[in-house]
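One structure below.
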Amino acid sequence: MKIVFINVPWMKYYTGEGDEEKLVPACGYNFQHVNGYYYGYGEGLDQIALEQIDGGLANDTQVEDVTVVWTSKNREGENKVIGWYKKATIYREAKTYLSMDGERLFFKYSIVAPAAEALLLPVELRLLDAKEMSEGISFEKDEKIIADVAMYIHNYAGDKMNYLFAKKDLEGASILNFPEYEMYFAKADEFLAKDLYGKAVRCFNKAIALEPELAIGYECKGSIFLSLKMYDEALEVYKKVLEIEPDNENAHYCLGLIYGLIGDYKNCVEEMNFYINRRKDDMNALAERGIAYYHLGEKELASKAFKKAYAAEPENLIFKQLVDCLG
């Protein structure tokens, strides 16, 4: 069985900013959903000896179909299993790229796994003891330990902390019936305040069914998908907005951002051009278009965009980082 154990600092959610930790550690985004995947990283994972994994070779650049068991020491100093990735791909060299993700400008990871094959245990269910180990990766060889953990993962049927949007909610309509169209939006806001994203989307779907030629329902639905980093779903929704309202500035901006987040930088620039031509004072959009230029090899255009944004908003630390990254 291809399996590794990785010890990381203790956190509750592993979704970055807003967790219980004041400073986000290197592993702090390991259970943040990004377009259907989780991206794992941590201290000691810049280089991984893949030949230590069952079936891995010294010249492999990646090994696929690995089970990654995440462990951490709780507040009492006891090392516990906190979650796992199944069907993960592990890279020999950590990957870093300049991202349009507002939370992670420099997106770094060593492991990627389908979100549907991963699970983060609730704090109160992190009960399974793990072998004592320092922070980093361990290539466990004890067959009994491996068998016990593998059986636990296979049989686990309890709760999990990592949120996955239910497919049934993508197009399903709310069973609620209101006399006024606007009431579906008010109810959706109530659901969003409670993080009930599926029910909110169902309200917007009902509103769309009632008034399919109004863009507002699609825009609200798209904003949820974008906030949840469901980029493929958001892309299709914002395309629909532009079918209804071709000059919708916000939709062009969101499409540009989504294209940039999924690596389609040519279309990103095209959509950002439309938006920036109408909103020339939006320095965030200017910098984001600069990131797209950077990935397209247009370093001079990227540098010009970064410097202009930083000159306009010198207190913006992200703009400073962008200027510095190009020297």
Side-chain angles (χ1 to χ4, degrees), residues 15-19 22-24 28-29 32-35 39 95-109 192 215-216 218-239 241-242 245-327:
T15 55
E17 302 291 344
D19 209 319
K22 293 182 179 179
L23 295 177
V24 181
Y29 295 92
Q32 184 183 70
H33 175 274
V34 181
N35 210 31
Y39 292 82
K95 297 181 179 294
T96 305
Y97 68 93
L98 187 61
S99 170
M100 291 187 191
D101 188 323
E103 294 181 75
R104 287 189 275 180
L105 183 61
F106 298 100
F107 198 106
K108 192 169 188 177
Y109 62 97
L192 289 174
I216 184 63
Y218 295 100
E219 286 191 88
C220 292
K221 181 178 176 180
S223 70
I224 293 177
F225 290 154
L226 185 53
S227 70
L228 294 176
K229 302 184 189 295
M230 297 170 61
Y231 302 137
D232 292 339
E233 291 81 1
L235 185 70
E236 296 307 312
V237 175
Y238 280 111
K239 284 181 178 179
V241 173
L242 290 183
E245 296 181 359
D247 293 329
N248 187 306
E249 294 174 1
N250 182 65
H252 279 286
Y253 168 75
C254 289
L255 268 181
L257 181 60
I258 294 164
Y259 279 129
L261 288 164
I262 64 175
D264 186 347
Y265 299 111
K266 183 178 179 181
N267 276 321
C268 170
V269 169
E270 182 177 331
E271 297 295 340
M272 286 294 186
N273 284 344
F274 182 98
Y275 177 79
I276 292 171
N277 285 340
R278 291 157 177 78
R279 296 290 185 90
K280 299 183 186 298
D281 60 342
D282 190 330
M283 293 298 107
N284 284 316
L286 185 70
E288 288 159 349
R289 185 176 65 178
I291 293 173
Y293 282 140
Y294 173 85
H295 286 290
L296 291 170
E298 299 285 355
K299 301 297 177 61
E300 289 187 13
L301 289 175
S303 179
K304 183 179 178 180
F306 298 157
K307 289 177 180 178
K308 183 176 180 180
Y310 185 48
E313 299 180 15
E315 73 286 354
N316 190 309
L317 296 180
I318 291 179
F319 294 165
K320 184 180 187 304
Q321 286 181 284
L322 288 170
V323 170
D324 291 345
C325 83
L326 289 184

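Reckoned from all heavy atoms, side chains included, excluding hydrogens, waters and symmetry mates. We number each residue from 1, following the sequence as shown.
Taking 4.5 Å as the limit, every side-chain heavy atom of His33 sits out of range of all side-chain heavy atoms of Leu228. Using a 4.5 Å heavy-atom cutoff, the side chains of Asp247 and Phe274 are in contact. Residues Lys307 and Leu326 have side chains not in contact (no heavy-atom distance under 4.5 Å, counting atoms from C-beta outward). The closest side-chain heavy-atom distance from Tyr275 to Asn250 is not below 4.5 Å. A heavy-atom distance below 4.5 Å is found between the side chains of Tyr259 and Leu255. Using a 4.5 Å cut-off on side-chain heavy atoms (C-beta onward), Leu322 and Leu105 make contact. Using a 4.5 Å heavy-atom cutoff, the side chains of Lys221 and Glu233 are not in contact. Counting only heavy atoms from C-beta outward, the side chains of Val269 and Glu298 never approach each other to under 4.5 Å.
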Could you walk me through whether Thr15 and Tyr29 pass the side-chain contact (heavy atoms from CB on, under 4.5 Å) check?
CA-CA 5 Å; Thr15 55; Tyr29 295 92; over 6 Å; no
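Under the 3.5 Å distance criterion, the side-chain polar atoms of His295 are left unmatched by any main-chain donor or acceptor of Gly263.
With rounding to the nearest 0.5 angstrom, the CD1 atom of Ile276 is 13.0 Å from the NE2 atom of His252. To the nearest 0.5 angstrom, Phe319 atom CZ is 7.5 Å from Met283 atom CE. Taking CD of Glu245 as the start and CD of Glu219 as the end, the distance is 6.0 Å to the nearest 0.5 Å. Here the straight-line distance linking atom CD1 of Ile291 with atom CG of Leu98 works out to 4.5 Å at 0.5 Å rounding. Tyr231 contributes atom OH, which lies 10.0 Å from atom CD1 of Ile262 (distance to the nearest 0.5 angstrom). The distance from atom CZ of Arg289 to atom CE of Met100, rounded to the nearest 0.5 Å, is 10.5 Å.
Closest approach of Asp232 to Asn35, counting heavy atoms only: N-OD1, 3.0 Å. Heavy-atom minimum distance, Ile224 versus Ser227: O-OG, 2.8 Å. Minimum interatomic distance between Gly260 and Tyr265 (heavy atoms only, all atoms of both residues): O-CE2, 3.4 Å. Of all heavy-atom pairs between Leu286 and Ala305, the closest is O-CB, 3.6 Å. Annotation for Asn273 and Tyr293: closest pair OD1-OH, 4.1 Å, computed over non-hydrogen atoms. Nearest heavy-atom pair, Ala292 versus Cys268, reported as atom, atom and distance to 0.1 Å: CB-SG, 3.7 Å.
Screening Tyr294, Phe107, Tyr39, Phe106 for a ring pair (Phe, Tyr, Trp, His ring centres under 6.0 Å) with Tyr97, the sole residue that qualifies is Phe107.
Heavy-atom neighbours of Leu296 CG from other residues, nucleotides or ligands within 6.0 Å: above the threshold of 12. The local environment of CD in Glu315 is crowded, with over 12 non-hydrogen atoms from other residues, nucleotides or ligands closer than 6.0 Å.
Contacts of Asn316 classified as side-chain hydrogen bond (donor to acceptor under 3.5 Å, both in side chains), with partners at least two apart in sequence or in another chain: none.
Legend: salt bridge (Lys or Arg N to Asp or Glu O under 4.0 Å) pairs involving residues 268-279, not counting sequence neighbours, sorted by first then second residue: Glu249-Arg279.
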